[in-house]
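All remarks here apply to the structure that follows.
Here is how names work: the chains are called A, B, and so on, in the same order as the sequence lines, proteins then strands, and each is numbered from 1.
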There are 2 protein chains.
Amino acid sequence: MNVETALQKLKEKGYKRTKQRERILEIFVKQDQYIAAKEILKEIQNDFPGVSYDTIYRNLYMLTDVDILEATELGGEKHFRLGCDTHGHHHHFICTTCGKTKSIEFCPMDSINENLNGYDVENHKFEIYGKCPQCH
Amino acid sequence: MNVETALQKLKEKGYKRTKQRERILEIFVKQDQYIAAKEILKEIQNDFPGVSYDTIYRNLYMLTDVDILEATELGGEKHFRLGCDTHGHHHHFICTTCGKTKSIEFCPMDSINENLNGYDVENHKFEIYGKCPQCH
DNA sequence: GTTTAAATCGTAATGATTATCAATTAACTT
DNA sequence: AAGTTAATTGATAATCATTACGATTTAAAC
Ligand SMILES: [Mn+2]
Ligand SMILES: [Mn+2]
Ligand SMILES: [Zn+2]
Ligand SMILES: [Zn+2]
């Protein structure tokens, strides 16, 4: 997904177009990896020295909510990345050094034959952690 | 695993037997669910009004390190549970209301045929979240 | 250009986790 | 049983991510 597509999606949902949002989206579009909130803040401060953490988190959560970003918890911090829209539901290998990801086109839920009768499944997480070829 | 077995394991590793450790282990042995650090603190304060958070965390991490406990991140907080030693490597359904778990005797890594050549896999996480029959 | 609700900023509060260090204690030695 | 010592704990403060909030600004609709 590119920045304009994302901003279009936001417009349709009634969100305003702001310079800060554009900038946040640019950061994510550029890199295929999970990024922590403080890294986003740091990056944005180049253009907007006075950005508030409130602005960062509010937007990250909002963008996750409208499925533009994906979130996960890495090393006790929330990390975000641009959602993959080139294919369907899938999972990721995540490099514990640089945060780059590789898609895993396999969902273990499809293979679950455990008896989960009586259980209400709301969500699931399958992530593989390690070193990518560049960091290995 | 029971408290005495766990304490024996600690002894073999050179850790001392303390009342606080016994108490922490008792809590975990009693319940088949993920518990947050602050809940452990609260529980232990009944017997040791002055326990320090340092004692709680140090022990939880140490017990995880020697494979007596398992840890995971739930809702932004570290949670711990007694490791399952009745069967081999497996995963869990986790109730998002009460923290109780159900073993899932299936590991998606066994079914991974993705090409991960050049990637160094260190770890993986597969968890299913939802409501258990009691909380449903 | 006016209006208005959304968004941002500046700043403070919260809450979990980590760190420090003096005092205590379990386990070993004599 | 008393002495020794390193591990452990308690009291407390620091750190760090995240959340909260009122005042100000701004995007976008009219
Ligand atoms: Mn992907
Ligand atoms: Mn289990
Ligand atoms: Zn990498
Ligand atoms: Zn439950």
Whole-Å distance, A:Ile56 CD1 to D:dT18 P, equals 12 Å

Nucleotide by nucleotide, nucleotides 5-10 of chain D touches protein heavy atoms under 4.0 Å in the pattern (B base, S sugar-phosphate only, - none) -BBSBB

State plainly whether one hydrophobic cluster holds both A:Tyr34 and A:Phe93, where clusters connect Ile, Leu, Val, Met, Phe, Trp and Tyr through side-chain heavy atoms under 4.5 angstrom apart. no

Between A:His89 and A:Cys107, the two heavy atoms sitting closest are NE2-SG, 3.4 Å

A:Lys42 atom NZ is separated from D:dC16 atom P, nearest whole Å, by 14 Å

In terms of heavy-atom contacts, B:Cys84 and B:His90 come closest through CB-CE1, 3.4 Å

Per nearest nucleotide of DNA chain C, the residue lying toward the 5' end, A:Tyr53 or B:Ala37, is A:Tyr53

B:Glu73 atom CD is separated from D:dA17 atom P, nearest whole Å, by 13 Å

From CD1 of B:Ile40 across to P of C:dA16 the rounded distance in Å is 14 Å

Check your understanding: Given D:dA17, is OP1 or OP2 found less than 4.0 Å from the side-chain N or O atoms of A:Lys38?
Key -> yes

Minimal heavy-atom distance between B:Gly130 and A:Glu122, with the atoms involved, is CA-OE1, 3.5 Å

Considering only heavy side-chain atoms of A:Tyr61, the closest of D:dT18, C:dT17, D:dA28 is D:dT18

Rounding to the nearest 10°, end axes of the helix from C:dG1-D:dC30 to C:dT30-D:dA1 built from five pairs each make an angle of 30°

Whole-Å distance, B:Glu39 CD to C:dG15 C1', equals 15 Å

Separation between SG (A:Cys135) and NZ (A:Lys100), nearest 0.5 Å, reads 6.5 Å

To the nearest angstrom, the CZ-C1' distance between A:Arg23 and C:dT8 comes to 17 Å

Nearest heavy-atom approach of A:Glu39 to A:Ile35 is CB-CG2, 3.6 Å

Exercise for review: Step through it carefully: locate the ring centre of A:His91, locate the ring centre of A:Phe126, and say whether they are under 6.0 Å apart.
Suggested key: yes

Those residues at least two apart in sequence (or on a different chain) that pass side-chain contact (heavy atoms from CB on, under 4.5 Å) with A:Val29 are A:Val3, A:Leu82

Heavy-atom nearest pair, A:Glu114 first then B:Glu105, reads OE2-N, 2.8 Å

To the nearest angstrom, the OH-P distance between A:Tyr57 and C:dC9 comes to 16 Å

B:Glu77 atom CD is separated from D:dC16 atom C1', nearest whole Å, by 15 Å

